[in-house]
Amino acid sequence: MTVKTRFAPSPTGYLHIGGVRTALFSWLYARHHGGQFVLRIEDTDRERSTQAAVDAILEAMNWLGLEHDEGPYYQTARMDRYRELAAQLLEAGSAYHCYCSRDELEQMRAAQMARGENPRYDGRCRERQSPVPGVSPVLRFRTPQEGVTIVDDLVRGRVEFQNSELDDLIIMRSDGSPTFHFGVVVDDGDTGITHVIRGDDHLNNTPRQMHLIDALGFARPAYGHLPMILGPDGAKLSKRHGAVNVLEYRDAGYLPDAVLNYLARLGWSHGDQELFSREEMIRLFDIAAVNASASRFDTGKLNWINQQYLRSSNPEELAPGLVMQLERAGLDLRNGPPAVAVIEAYRERATTLHDIAGSAHYLYAEPVQVDISAINKHLTATVAGPLSLLVKRLAEVAAWTRADIHAAMTAVAAECGIGFGKLGQPVRVAVTGGTVSPPIDVTLELLGQKKTFDRLKQAIARLPS
RNA sequence: GCUCCCUUCGUCUAGCGGUUAGGACGCGGCCCUCUCAAGGCUGAAACACGAGUUCGAUUCUCGUAGGGAGCGCCA
């Protein structure tokens, strides 16, 4: 049997980071087993579904590289099929029309809660013979009322549900559109989904969907219910915790593989290993090793992983992302070194591409945020001599390379009888406006000879006497 | 309220009856060092609680407590 999994978001907003984790595990499962991964857009809620949300989902999946083999399927394009199968269930007696009003249902639930019962539809229309004039009915599925339903969950193990706890769920609304449960089951059945990997908020829905599947004559898929991702405080992950839209992570300068790696390790592990390439993830992923408990989203760990990826990725591949960040910062690439050179110099000391762009600002424009206390501390009268000598020596270097620059600086420091640091740090402050940058020779090489001279001379001119 | 799920350092986790309870992020210290990083070494830090099963429970069972989800003509 070929494994076939799916990811089925509803386009009512951006793609949530928790949804991405669900998609990732589903995708990994399919890839690991050499199967197929299907994308389905659950847009039956026409009120809340938007094309913008569909686009955002597709864009996010594409950015992450979670490519699908089939789809995207749209539920709104399959209305005839739902109606066909609904009629079939009605015909077979597996479903029946229910004429209860919303008010009536609400009162019923309130009464049951008051009695300490699990609120559920009591089946009062089950045996109804005649329609209620003027009321367009919903279609309810006749759920078995006795026995137990067992979900052999790939993540949780065996979970038992008493059928008596289940009620007759609505499968077609009074306007003739299918409800979520019906759409899911029909689509999974029609597309031959073999493994349903989804959030554990659906665990309680599973037995009811299984009965529906049986009635429709589809084969039951295997289920794997993934635990939720919580915010750092243990509450449901939401906007108040920071970014929850994946594309915000792209914009913040995170790398797609790093995000995937982080998300994979949230709930899944393979011994002590922390870093997994895409291929390793696919090869090693095992849904049986997925934790059943919820985990908290930790930006600190994501940052660490992103830095690891920054350090080990090919600078050429990172360059477009940095260019985007630099442009967004309003910098003109023509005014400074190529992006690749900046990445090589900065990737060991940054967590995101956004950080690199921020740190490299001085390479493309005059330093804007000068550190006054650093200037007061390092650009003192005593450095006038060394800096002037350095300008002279740097003018004589054979080539503007870090090696020649380093040699010149070492010579000047020795000549002035000061340590390298006593020269390096003032130079750094003079050319970058701050105290932090890559090794000073690399910094000057990146900056270029002309800018270095301009800024050193300017600094010397402003030195206190 | 009812049903279902979950519970190892602050966080992510390893563990699958006998371990000095391991690793990672973060945090502290030391080393390296022109700054910041990176790197190396190192320190503090956990089995929610109570019964039971067993020669022996972090591990199995049952309770308790705490957390979560579901209970819609939302998905």
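None of the values given here were measured: they were computed from a predicted structure. All values below were derived from every heavy atom in this structure, side-chain atoms included, with hydrogens, water molecules and symmetry-related copies excluded. By convention in this document, chain letters (A, B, ...) are assigned in the order of the sequence lines, proteins followed by strands, and residues within each chain are numbered from 1.
- In terms of position on RNA chain B, the residue among A:Ala350 and A:Gln162 whose nearest nucleotide sits closer to the 5' end is A:Gln162.
- Taking 3.5 Å as the limit, the base of B:G22 and the side chain of A:Asp272 contain a donor-acceptor pair of atoms between them.
- Residue A:Thr179 has no polar side-chain atom (N or O) positioned under 4.0 Å from OP1 or OP2 of B:A75.
- Note on A:Arg156: every side-chain N or O is 4.0 Å or more away from OP1 and OP2 of B:C4.
- Pairing of B:C34, defined by two Watson-Crick or G-U wobble distances under 3.5 Å, is not identified with any nucleotide.
- Between the CD atom of A:Gln273 and the C1' atom of B:C25 there is a distance of 16 Å, given to the nearest Å.
- What separates CZ of A:Phe276 from C1' of B:A24 is a distance of 11 Å, to the nearest Å.
- Regarding contacts with the backbone of B:G39, a side-chain N or O of A:Arg311 is found under 4.0 angstrom from either OP1 or OP2.
- Nucleic acid contact for A:Glu160: sugar-phosphate only, since backbone atoms but no base atoms lie under 4.0 Å from a heavy atom of the residue.
- Distance A:Leu275 CG to B:A24 P: 12 Å, rounded to the nearest Å.
- Of all nucleotides listed (B:G70, B:A24, B:A75), B:G70 comes nearest to the side chain of A:Asn118.
- Taking the P atom of each, B:U64 and B:U3 are spaced 12 Å apart, rounded to whole Å.
- Checked against B:U35, B:C12, B:A75, the side chain of A:Arg296 finds its nearest nucleotide in B:C12.
- A close approach under 4.0 Å does occur between a side-chain nitrogen or oxygen of A:Ser269 and OP1 or OP2 of B:A14.
- As judged by a 4.0 angstrom heavy-atom cut-off over every strand, A:Pro9 is placed among residues making no nucleic acid contact.
- Using a 4.0 Å cut-off between a side-chain N of Lys or Arg and a carboxylate O of Asp or Glu, A:Asp200 and A:Arg156 qualify as a salt bridge.
- Using a 4.0 Å cut-off between charged nitrogen and carboxylate oxygen, A:Glu84 and A:Arg81 count as a salt-bridge pair.
- Summarising the base pairing, B:U3 is matched to B:A69 through a Watson-Crick or G-U wobble pair whose two defining distances lie under 3.5 Å.
- To the nearest angstrom, P of B:G70 lies 13 Å from CZ of A:Arg198.
- Which of B:A75, B:G72, B:A24 sits closest to the side chain of A:Lys301 comes down to B:A24.
- The listed nucleotides are B:A75, B:A14, B:C36; the one nearest the side chain of A:Arg349 is B:C36.
- Salt-bridge check for A:Arg208 with A:Asp167: passed, with a basic side-chain N closer than 4.0 Å to an acidic carboxylate O.
- Under the Watson-Crick or G-U wobble criterion, with both distances below 3.5 Å, B:U11 is paired with B:A24.
- Applying side chain to side chain contact (heavy atoms under 4.5 Å, CB included) to A:His211 and the options A:Leu166, A:Leu169, A:Leu216, A:Val185 leaves one that passes, A:Leu166.
- Comparing atom distances between the A:Leu203 side chain and each of B:A38, B:C5, B:C73 picks out B:C5 as nearest.
- For B:U8 and B:G1, the P atoms lie 24 Å apart once the distance is rounded to whole Å.
- Rounding to whole angstrom units, CG of residue A:Leu226 and C1' of B:A69 are separated by 14 Å.
- A 4.5 Å side-chain heavy-atom check between A:Thr452 and A:Trp400 finds at least one atom pair inside the cut-off.
- Across the protein-nucleic acid pair, A:Phe297 atom CZ and B:G68 atom C1' stand 19 Å apart, rounded to whole Å.
- Counting non-hydrogen atoms under 4.0 angstrom, A:His225 reaches nothing in the nucleic acid.
- For the C1' atoms, the distance from B:U20 to B:U58 is 15 Å, rounded to whole Å.
- Between the C1' atoms of B:C71 and B:G28, the separation comes to 49 Å (whole Å).
- If you measure from atom CG of A:Asp103 to atom C1' of B:G72, you get 14 Å, rounded to the nearest angstrom.
- Proximity note for A:Val436 (side chain, C-beta onward) versus B:C34, B:C12, B:U35: the nearest is B:U35.
- Checking B:C71, B:A69, B:C12 against the side-chain heavy atoms of A:Arg208 singles out B:C71 as nearest.
- B:G22 and B:C36 have their P atoms separated by 33 Å, with the value rounded to a whole Å.
- In this structure, B:U61 and B:A51 make a Watson-Crick or G-U wobble pair, each of the two defining distances being under 3.5 angstrom.
- Among residues at least two apart or in separate chains, ring-ring contact (aromatic ring centres under 6.0 Å, His included) pairs with a member in residues 253-276 of chain A are A:Tyr249-A:Tyr254, A:Tyr262-A:Phe297, A:Trp268-A:Phe276, A:Trp268-A:Phe285.
- Side-chain contact check for A:Gln325 and A:His354: no donor-acceptor pair (N or O, by modelled atom type) lies under 3.5 Å.
- Residue-level contact check: A:Val138 touches the bases, meaning some heavy atom is under 4.0 Å from a base atom.
- Nucleotides of RNA chain B nearest to A:Met113 and A:Asp298 differ in position, and the one nearer the 5' end is that of A:Met113.
- A heavy-atom distance below 4.5 Å is found between the side chains of A:Gln425 and A:Thr435.
- Base-pair partner of B:C41: B:G29 (Watson-Crick or G-U wobble, both distances under 3.5 Å).
- Distance check on atom C1': B:C60 versus B:U53 gives 8 Å, rounded to whole Å.
- Side-chain nitrogen and oxygen atoms of A:Asn303 include none within less than 4.0 Å of the OP1 or OP2 phosphate oxygen of B:G26.
- Rounded to a whole Å, the CD atom of A:Glu165 is 5 Å from the C1' atom of B:U3.
- Residue A:Thr435 places none of its side-chain N or O atoms closer than 4.0 Å to OP1 or OP2 of B:C36.
- Judged by distance alone, with hydrogens and angles left aside, A:Glu274 brings a side-chain donor or acceptor within reach of the base of B:G23, the pair sitting under 3.5 Å.
- Considering only side-chain atoms of A:Ser174, the nucleotide from B:C4, B:C73, B:G1 that sits closest is B:C73.
- Among the nucleotides B:G23, B:A69, B:A37, the one closest to any side-chain atom of A:Lys236 is B:A69.
- The ring-ring contact (aromatic ring centres under 6.0 Å, His included) pairs that include a residue from residues 403-432 of chain A are A:His406-A:Phe420, where partners are two or more places apart or lie in different chains.
- You'll find that the side chain of A:Asp45 is closest to B:A75, out of B:C34, B:A75, B:A69.
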